[in-house]
Amino acid sequence: MTNPTPEPLLQGQCTIPMQTTNRASGTRAPIKRLVKHSREGHPNKRSLSRLSKRWREYHGSGDWEGLLNPLDEGLRSEIMRYGSFVEAAYQGFDSNTSSPSYAECRYSRNSILEQAGVDGSGYRVTKNLHATSSIPMPHWMGNIGVQSSWIGYVAVCEDKNEISRLGRRDIVISLRGTSTCSEWLENLRGTLTSCPFNDVNDVKGQEEDSMVESGVLSLYTSSTTVRSSLQQTLKDEILRLVHKYNDEPLSITITGHSLGASLAILAAYDIKTTIKHALHLSVISFGGPRVGNRSFRHNLELQGTKILRIVNSDDLITKLPGLLVEDHDDMAQGKKARVAHLPRWIQKHVKDNQWVYANIGHELRLSSRASLKLNSIDVATCHDLKTYLHLVNGFELNLSIQAPIQ
């Protein structure tokens, strides 16, 4: 298979070389150098100041109205930039099952971004993140059966020039997709379960419980005797950073691909519920599966969490889990959840078995079929992070945009 070649990036964007692989959910494949951030590439003072003035728009303050079709060049650059942080999470993960450090980060915390190819970003990694499965694995599986694994990092922008360009100090949480056996097993737990960290004020008067995918919740909340849960680690670190920088403009941007995209939404809801600070929190996700029901979506909207969900319409993973999804306008019209165009007895069976999901966030919908540079539309290629970044880079007007009902 010939690797597709991405179209040239505009000035100020980060370069992501296209390389398709046989991974179905973002497992890292060895490549040479990756993304290099360079503030030298911004052509003039006007472009330097544009982001500082419009960053709230690019992070959803206006629900991305007027920015998605056509795709605003400043927003395109931001999406590519955060995509590079996710790629660094893949690059940092040691996927060699024979390695003593399998499922851990291959680099020291202070060198992750540099070693992963994200040079000159102005960010420093402050915390490594691990996700733990609640599924016990047999000892005979050895390294392959690892229960807890490195899944990403927290980084904060510390470069004064970059803070000036961004218009604020930014905290980024970057999360990779499925890579270990235990994570794959958790992905199979696709039924919905009650969200344990709902805001009491959000759930008042709701006919349905706020529910999220069982496997994702397990990876977010599970811990071991020697390792804290992803939930606890994240909240402790974000609270520390918020207190440290509470006297200056601050944003939290959570970005992830595949499983990491689902975890990003769950983390965003939890952080916004727990940390009562007036800060701007947004999610930029790539190829994320469904993660919750319509009550969970409604609660996210109530708390003001902004989610940009980048979807390849040819990517099967974004249509899972859940066999069917209720109409978007049901909640807006005060109707009970329903599965459209099916007999009532089937609708009841699907709901009783907790399979009725809702799409969450504003969607930037792309299509592999619309790119002349992609010569393969198999499941793995369509879901690959590099495919997503290639499509964002070459986004054209003829692709559809979908926004949630308000």
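Since this is a predicted model, take the numbers as computed values, not measurements.
Under 3.5 Å, the side chains of T126 and E237 contain a donor-acceptor pair of N or O atoms. Under 3.5 Å, the side chains of E183 and S149 contain a donor-acceptor pair of N or O atoms. T97 and N143 share no donor-acceptor pair across their side chains, judged by distance under 3.5 Å alone. Side chains of S134 and R189: a donor-acceptor N/O pair is present below 3.5 angstrom, by distance only.
Listed for the R297 side chain is no donor-acceptor partner under 3.5 Å among the backbone atoms of G361. Here the side chain of S258 pairs no donor or acceptor atom with the backbone of G260 at under 3.5 angstrom. One N or O on the side chain of K319 and one on the backbone of S313 form a donor-acceptor pair closer than 3.5 Å. Counting only distance, with no hydrogens or angles, the side chain of S214 and the backbone of T191 share a donor-acceptor pair below 3.5 Å. A donor-acceptor distance shorter than 3.5 angstrom exists from the side chain of S174 to the backbone of F85, with no hydrogens or angles considered. Although no hydrogens or angles enter the test, the distance criterion places a donor-acceptor pair under 3.5 Å between the side chain of W64 and the main chain of Y58. With S77 contributing its side chain and G74 its backbone, the two residues share no donor-acceptor pair below 3.5 Å. At least one donor-acceptor pair closer than 3.5 Å links the side chain of S99 to the backbone N or O of S101.
Using the six-membered ring where Trp is involved, Y388 and H257 have ring planes that are perpendicular, over 60° apart on the 30 and 60° scheme.
In this structure, the separation between CD1 on I79 and CG on L75 is 4.0 Å, given to the nearest 0.5 Å. We find the NZ-CG distance between K276 and L239 to be 12.5 Å, quoted to the nearest 0.5 Å. The line from CG of L71 to CZ of R76 is 4.5 Å long, rounded to the nearest 0.5 Å. Rounding to the nearest 0.5 Å gives a distance of 4.5 Å between CD1 of I163 and SG of C157. Rounding to the nearest 0.5 angstrom, the gap separating the CG atom in N161 from the CZ atom in R165 is 10.5 Å. Considering OG of S229 and OH of Y220, their distance stands at 7.5 Å, rounded to 0.5 Å.
Residue E65 places its CD atom among 12 or fewer non-hydrogen atoms of other residues, nucleotides or ligands, all under 6.0 Å distant. Residue K127 places its NZ atom among 12 or fewer non-hydrogen atoms of other residues, nucleotides or ligands, all under 6.0 Å distant. The environment of I144 atom CD1 is sparse: at most 12 non-hydrogen atoms of other residues, nucleotides or ligands sit within 6.0 angstrom.
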- request: May I have the step-by-step check of side-chain contact (heavy atoms from CB on, under 4.5 Å) for F197 and L266, ending in yes or no?
  value: CA-CA 10 Å; F197 36 86; L266 203 59; 3.9 Å; yes

message: Before you tell me yes or no, could you show the steps for F296 and L192 under side-chain contact (heavy atoms from CB on, under 4.5 Å), namely the whole-Å CA-CA distance, both residues' side-chain angles and the distance that decides it to 0.1 Å?
response: CA-CA 11 Å; F296 179 65; L192 290 161; over 6 Å; no

field: Pair I284-I310, side-chain contact (heavy atoms from CB on, under 4.5 Å): steps then yes or no
entry: CA-CA 7 Å; I284 297 177; I310 302 162; 4.0 Å; yes

- request: Test E186 against S218 for side chain to side chain donor-acceptor pair (under 3.5 Å), laying out the working first.
  value: CA-CA 7 Å; E186 291 286 16; S218 171; 2.6 Å; yes

Stepwise side-chain contact (heavy atoms from CB on, under 4.5 Å) test for L185 and L188: CA-CA 5 Å; L185 290 175; L188 298 177; 4.3 Å; yes

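No option in L259, T132, I151, L230 other than L259 meets the side chain to side chain contact (heavy atoms under 4.5 Å, CB included) test with L219. None of T180, D94, N128 except one satisfies the side chain to side chain donor-acceptor pair (under 3.5 Å) rule with W150; the exception is N128. Among the candidates K160, R168, R169, the single residue satisfying the salt bridge (charged side-chain N to carboxylate O under 4.0 Å, His left out) test with E248 is R169.
Counting heavy atoms from C-beta on, the side chains of I171 and V154 come closer than 4.5 Å. M137 places none of its side-chain heavy atoms less than 4.5 Å from the side chain of V146. Side-chain contact between I238 and V242: present, with at least one pair of heavy atoms (C-beta onward) separated by less than 4.5 Å. Between H383 and L316 there is no side-chain heavy-atom pair separated by less than 4.5 Å. Annotation: side chain of P321 is in contact with side chain of Y357 (closest heavy-atom distance under 4.5 Å). Here the side chains of C181 and M141 are in contact, with some heavy-atom distance below 4.5 Å. Contact check for Q147 versus R227: no side-chain heavy atoms found under the 4.5 Å cut-off. When side chains are defined from C-beta on, D378 counts as touching T381, because their heavy atoms get closer than 4.5 Å.
With sequence neighbours left out, the side-chain contact (heavy atoms from CB on, under 4.5 Å) criterion links T305 to A268, K272, L281, L300, Q303, I307. Among residues two or more places apart in sequence or in another chain, the side-chain contact (heavy atoms from CB on, under 4.5 Å) test is passed with S108 by S111. Applying the side chain to side chain donor-acceptor pair (under 3.5 Å) test to Y153 and every residue at least two apart in sequence or in another chain returns nothing.
Between A261 and G288, the shortest heavy-atom contact is CB-CA, 3.5 Å. Between I254 and A264, the shortest heavy-atom contact is CG2-CB, 3.4 Å. Closest of all the heavy-atom pairs between H59 and K306 is O-CB, 3.5 Å. In terms of heavy-atom proximity, N312 sits nearest to S368 at ND2-OG, 2.6 Å.
At a threshold of 4.0 Å, the pair R54-D72 counts as salt-bridged, since one of the basic side-chain nitrogens sits closer than that to a carboxylate oxygen. Salt-bridge check for R369 with D314: passed, with a basic side-chain N closer than 4.0 Å to an acidic carboxylate O. Using a 4.0 Å cut-off between a side-chain N of Lys or Arg and a carboxylate O of Asp or Glu, E78 and R50 do not qualify as a salt bridge.
Checked against the 6.0 Å centroid criterion, the rings of F286 and Y82 do not qualify as a close aromatic pair.
A cation-pi arrangement is absent between R176 and Y90, since the terminal nitrogen or guanidinium carbon is not both under 6.0 Å from the aromatic centre and inside a 45° cone about the axis.
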